[in-house]
Amino acid sequence: MRPMDDNVKLLENYSVLAEIYDDVMSDVDYETWTDYIDEIILTHNPETHDVLELACGTGTMALSLEELDCYNITATDASSHMIRIARQKGDEVESAVHFQTMNFLNLNFDRKFDVVFMVFDSINYLHNPSDIIDLHNEVKQVLKPGGIFIYDFTTPRNSRKAIRFLNNEQKKINEFYRYRRNSSYNPKKRIHTNQFYIEKTDQSGGSVVETYHEEHQQKIYTLSEIETLVSKTDFKILERYDGFELKPAHSKSLRITMVLQ
Ligand SMILES: C[S@@+](CC[C@H](N)C(=O)[O-])C[C@H]1O[C@@H](n2cnc3c(N)ncnc32)[C@H](O)[C@@H]1O
């Protein structure tokens with residue numbers, strides 16, 4: 001791919017990336033991840049009926065959860081582009097999932113949920129610790145009494161390992177799109193940056209019509225930092241799970257799933 005030049009358009013996050021997001025994530029096993037979230041729900045709040053997914057992206061997880069035929073699901077994301085793709089996918093399978101564009105720092109519902117969940121380190125998009133506290137407070141407002149909040153985050157150890165295989169990833173998606181990802185990690189500031197350079201080609205797949213650039217910065221937190229922030233909210237920690245296991249997180253965990261009540 002060409003290096004960046006003056007014609008590259010710098011875009012808001014998850015705009016053009018929304019078009020190719022599912023292809024970029026094609027290696028992610030969302031079905032297993034869905035089963036994991038379902039297992040957590042069955043363990044900690046088995047009477048669950050109403051579920052809210054935050055930062056649902058293109059809706060893969062919500063649609064997969066719907067296949068279990070156990071839940072009434074609402075799924076939201078701040079990006080209208082991601083939600084447009086999610087709705088398209090929902091329409092294709094005649095889904096009843098209710099997709100809405102919504103910032104998770106400003107939740108607006110006239111009903112409450114048994115479970116609120118959020119996956120794939122979406123919380124790492126919050127760089128300011130006070131925003132993390134605000135998120136918990138927002139979620140509390142939309143949870144039924146006894147309801148649970150589930151989310152994961154990636155650890156500094158994960159970022160140090162991940163750049164080895166994410167940096168310089170290149171892929172041709174289809175006849176219209178190809179992309180390159182540059183991934184870097186600043187261990188001092190604990191900022192993980194993913195730069196996506198997306199090229200749109202003409203129908204022959206030959207000439208590049210447009211090049212787009214999205215820069216995604218995630219703040220990487222340690223477990224003790226997240227625990228300290230949770231202690232400043234009305235939630236209590238039920239579990240901190242390691243990876244996709246129902247076992248406690250430890251110092252070498254790459255992804256930690258928090259279960260709060
Ligand atoms: C890494 S993606 C994960 C998407 C989806 N959960 C998945 O597993 O594929 C992060 C998502 O967080 C969303 N997001 C970031 N900040 C947000 C906010 N303040 N409110 C709601 N969604 C947000 C982005 O739009 C994006 O879809």
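No hydrogens, no waters, no symmetry mates; every other heavy atom, side chains included, goes into these values. Counting convention: from 1, in listed order, for ligands and their atoms alike.
Taking a cutoff of 4.0 Å between a charged side-chain nitrogen and a carboxylate oxygen, R180 and E199 do not qualify as a salt bridge.
At a cut-off of 3.5 Å, with distance as the only test, a side-chain donor of N128 or S130 sits close to an acceptor on the other residue. Using modelled atom types and a 3.5 Å distance limit, the side chains of H192 and S159 yield a donor-acceptor pair. No side-chain donor from either of D121 and Y151 sits under 3.5 Å from a side-chain acceptor of the other. With hydrogens and angles left out, the side-chain atoms of H216 and Q218 include no donor and acceptor closer than 3.5 Å.
Between atom 5 (C) of ligand 1 and the options A55, S15, A18, the minimum heavy-atom separation is to A55. Selection from A75, A78, A86 by nearest heavy atom to atom 21 (C) of ligand 1 gives A78. Remark: among candidates F120, W33, Y30, the nearest residue to atom 9 (O) of ligand 1 is Y30, based on non-hydrogen atoms.
When hydrogens are left out, the protein atom nearest atom 19 (N) of ligand 1 is N103 OD1, 3.0 Å; that is the closest non-hydrogen contact. Among all protein heavy atoms, the one lying closest to atom 1 (C) of ligand 1 is Y14 OH, 3.3 Å. The protein non-hydrogen atom at the shortest distance from atom 13 (C) of ligand 1 is D77 OD2, 3.4 Å. The single protein non-hydrogen atom nearest to atom 20 (N) of ligand 1 is F104 N, 2.9 Å, given as residue, atom name and distance. Protein heavy atom at the shortest distance from atom 3 (C) of ligand 1 is Y21 OH, 3.4 Å.
A tilted orientation is assigned to the rings of F235 and F149, their planes being inclined by 30° to 60°.
Near V119, the atoms of ligand 1 lying under 4.0 angstrom from a non-hydrogen atom of the residue are 6 (N), 8 (O). Set against the non-hydrogen atoms of Y125, the atoms of ligand 1 under 4.0 Å away are 10 (C). Near M82, the atoms of ligand 1 lying under 4.0 angstrom from a non-hydrogen atom of the residue are 27 (O). Close contacts between ligand 1 and S122 involve ligand atoms 3 (C), 10 (C), 11 (C), 12 (O) [criterion: under 4.0 Å to a heavy atom].
Of all the heavy atoms of M102, the ones lying under 4.0 Å from any atom of ligand 1 belong exclusively to the backbone.
Between the side chain of H44 and the backbone N or O of E239 there is no donor-acceptor pair closer than 3.5 Å.
Connection of L246 to I237 is not established within any shared hydrophobic cluster, with ILVMFWY side chains joined at heavy-atom distances below 4.5 Å, either directly or through further cluster members.
The distance between the ring centers of Y221 and F153 does not fall below 6.0 angstrom.
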